Amino acid sequence: MITIKNEQEIEYMRESCRIVKETLDFVGRNIRAGMTTKQVDELVYKYITSCGAYPSELGYEGYPASSCVSVNEVVVHGIPNDRVLEDGDIVSVDITAEKNGFHGDACRTFLIGEVSEEKKRLVKVTEECFFKAIEGLQAGVPLYNIGNAVQTYAESNGYGVVRALTGHGIGREMHEDPAVPNYGKRGTGMRLRAGMTICIEPMITMGTWKVVQDRSDGWTISTADGKPAAHYENTVLIKEDGAEILTL
């Protein structure tokens with residue numbers, strides 16, 4: 001069921017989204033080679049809870065951490081552990097915070113030390129995919145225009161677009177309807193409505209778009225060919241005359 005937020009609910013979401021944005025900024029200032037992904041997760045927990053919010057991912061369907069920390073070939077849902085970040089890694093940190101009963105969600109891919117030009121370009125294009133997706137976004141626009149914009153831009157740059165995972169609605173629940181794919185046919189899908197809040201999150205790969213799930217932990221999703229992936233996400237409010245990025 002798609003929920004339309006009223007003004008009070010949108011204000012609550014702005015607060016949660018502000019905390020998410022500030023947490024990612026905090027991580028960006030502190031993440032470095034030599035840290036473990038678990039130490040990155042500790043930064044996330046520390047900042048979110050210091051704001052009087054709760055890290056929504058902690059305990060979600062049994063998930064054991066406050067964030068997803070995904071390194072290089074891991075696309076999403078990397079469980080923080082003792083893996084040490086190394087010079088040249090790219091690391092996606094995906095977080096969700098809940099306050100006043102509403103969630104905010106965003107992800108950034110960070111560069112660790114001296115990163116190859118190849119990886120830098122992947123991260124840059126992934127972020128650009130998001131901004132291509134919100135061009136002209138407003139109430140009345142067909143949903144799959146979002147994914148079409150992501151897919152067209154990513155593939156024109158020679159990259160793969162993950163299909164097994166999508167963006168989503170967000171509000172009182174971390175994951176709400178509708179699903180927001182990163183591919184699709186322009187002009188199709190439901191029409192967006194003012195007051196909808198959705199997460200748009202390009203997940204772009206250097207090689208194949210196909211992914212595999214780690215059977216041992218049930219969470220970690222990596223590229224099938226072992227090549228790097230990047231992830232960029234924001235929570236977006238649909239308005240009559242445009243779109244507001246709540247996590248920027």
Side-chain angles (χ1 to χ4, degrees), residues 20 23-24 27 31-45 48 55-97 103 105-113 115-116 118-119 122-123 125-126 129 147 150-151 154 159-168 170 173-175 179-183 199-233:
V20 166
T23 304
L24 287 169
V27 171
I31 195 170
R32 64 188 184 280
M35 295 180 73
T36 65
T37 57
K38 187 175 181 179
Q39 287 174 319
V40 175
D41 186 65
E42 289 168 355
L43 292 176
V44 171
Y45 180 84
I48 290 177
S56 314
E57 292 169 24
L58 184 58
Y60 178 77
E61 294 186 356
Y63 188 74
S66 299
S67 60
C68 297
V69 186
S70 306
V71 185
N72 295 331
E73 76 286 351
V74 180
V75 183
V76 290
H77 304 165
I79 299 176
N81 55 24
D82 293 328
R83 179 172 182 169
V84 177
L85 300 181
E86 298 179 358
D87 190 65
D89 285 341
I90 56 173
V91 186
S92 299
V93 180
D94 188 356
I95 68 171
T96 311
H103 301 263
D105 187 1
C107 180
R108 302 287 182 265
T109 300
F110 298 104
L111 310 178
I112 305 301
V115 175
S116 69
E118 195 176 32
K119 283 183 175 178
L122 173 66
V123 173
V125 170
T126 300
C129 282
V150 171
Q151 182 179 19
Y159 295 128
V161 178
V162 172
R163 284 139 168 88
L165 303 143
T166 70
H168 52 90
I170 187 170
E173 302 294 332
M174 181 161 56
H175 294 128
V180 185
N182 289 308
Y183 63 95
C199 291
I200 299 172
E201 47 181 314
M203 291 163 269
I204 309 301
T205 64
M206 200 174 284
T208 181
W209 54 267
K210 295 179 181 179
V211 297
V212 292
Q213 186 172 33
D214 188 324
R215 292 184 179 180
S216 65
D217 67 29
W219 285 99
T220 307
I221 295 179
S222 304
T223 57
D225 57 10
K227 291 184 178 180
H231 183 195
Y232 184 87
E233 174 186 15

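Note: hydrogens, waters and symmetry copies are ignored here, and every other heavy atom, side chains too, is used. Model, not experiment: these values are computed from the prediction.
The salt bridge (charged side-chain N to carboxylate O under 4.0 Å, His left out) contacts involving residues 220-231 comprise nothing, where partners must be two or more places apart or lie in separate chains. Residue pairs meeting the side chain to side chain donor-acceptor pair (under 3.5 Å) criterion with at least one member in residues 67-78, sequence neighbours excluded: Asp41-Ser67, Asn72-Asp89, Asn72-Lys119.
Atom CD of Glu233 sits about 8.5 Å away from atom CZ of Arg108, to the nearest 0.5 Å. Remark: Thr96 OG1 to Ile170 CD1 distance equals 6.0 Å, nearest 0.5 Å. If you take CG on Asp82 and CD on Gln39, they are separated by 9.0 Å, rounding to the nearest 0.5 Å. Note that CG of Leu58 is 13.0 Å distant from CD1 of Ile95, once rounded to the nearest 0.5 Å. Here the straight-line distance linking atom OH of Tyr232 with atom OG of Ser92 works out to 12.0 Å at 0.5 Å rounding.
Every side-chain contact (heavy atoms from CB on, under 4.5 Å) that Glu118 has, sequence neighbours left out, goes to Ser116, Met206. Every residue two or more places apart in sequence or in another chain that forms a side chain to side chain donor-acceptor pair (under 3.5 Å) with Asp217 is listed here: Thr220. The ring pair (Phe, Tyr, Trp, His ring centres under 6.0 Å) test applied to His168 returns His175, not counting sequence neighbours. Checked against side-chain contact (heavy atoms from CB on, under 4.5 Å), Ala229 has the following partners two or more places apart in sequence or in another chain: Val75, Thr205, Thr223. Scanning for side-chain contact (heavy atoms from CB on, under 4.5 Å) contacts around Arg163 gives Gln151, Glu155, Val161, Tyr183, Trp209, with sequence neighbours left out. In this structure Thr126 satisfies the side chain to side chain donor-acceptor pair (under 3.5 Å) test with no other residue, sequence neighbours excluded. Residues passing the side chain to side chain donor-acceptor pair (under 3.5 Å) test with Ser66: none are found, sequence neighbours excluded. Every residue two or more places apart in sequence or in another chain that forms a side-chain contact (heavy atoms from CB on, under 4.5 Å) with Ala224 is listed here: Thr208, Lys210, Val212.
Nearest heavy atom pair, residue Tyr159 against residue Leu122, reads OH-N, 3.4 Å. Nearest approach of Ala179 to Pro181, heavy atoms of both residues: O-CD, 3.4 Å. The two residues Tyr63 and Pro80 come nearest to each other via the heavy atoms OH-CD, 3.4 Å. In terms of heavy-atom proximity, Val211 sits nearest to Ala164 at CG2-CB, 3.8 Å. Minimum heavy-atom separation, Ile204 to Ala154: CD1-CB, 3.9 Å.
Taking the side chain as every heavy atom from C-beta outward, Val91 and Val40 never approach each other to under 4.5 Å. Put simply, the side chain of Leu85 reaches to within 4.5 Å of the side chain of Ile31, judged on heavy atoms. In this structure the side chain of Ile90 never reaches within 4.5 angstrom of the side chain of Ile112, judged on heavy atoms. With a 4.5 Å cut-off on side-chain heavy atoms, Val93 and Leu24 count as touching. Between Val162 and Asn182, every side-chain heavy-atom pair lies at or beyond the 4.5 Å cut-off. Two residues are said to be in side-chain contact when any heavy atoms from C-beta on lie closer than 4.5 Å; Glu61 and Trp219 meet this criterion. At least one side-chain heavy atom of Pro64 sits under 4.5 Å from a side-chain heavy atom of Ile79.
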#### Entry: Evaluation steps, side chain to side chain contact (heavy atoms under 4.5 Å, CB included), between Glu57 and Met174
CA-CA 9 Å; Glu57 292 169 24; Met174 181 161 56; 4.1 Å; yes
### Task
Please assess Asn81 against Thr37 for the test side-chain hydrogen bond (donor to acceptor under 3.5 Å, both in side chains), listing each intermediate value before the final yes or no.
CA-CA 6 Å; Asn81 55 24; Thr37 57; 3.1 Å; yes
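There is a side-chain donor-acceptor pair under 3.5 Å between His231 and Glu201. Inspection of the Ser56 and His103 side chains reveals an N or O donor paired with an N or O acceptor under 3.5 Å.
Distance alone, capped at 3.5 Å, places no donor-acceptor pair between the Glu86 side chain and the Ala33 backbone.
Atom OH of Tyr45 sits in a sparse spot, with 12 or fewer heavy atoms from other residues, nucleotides or ligands closer than 6.0 Å.
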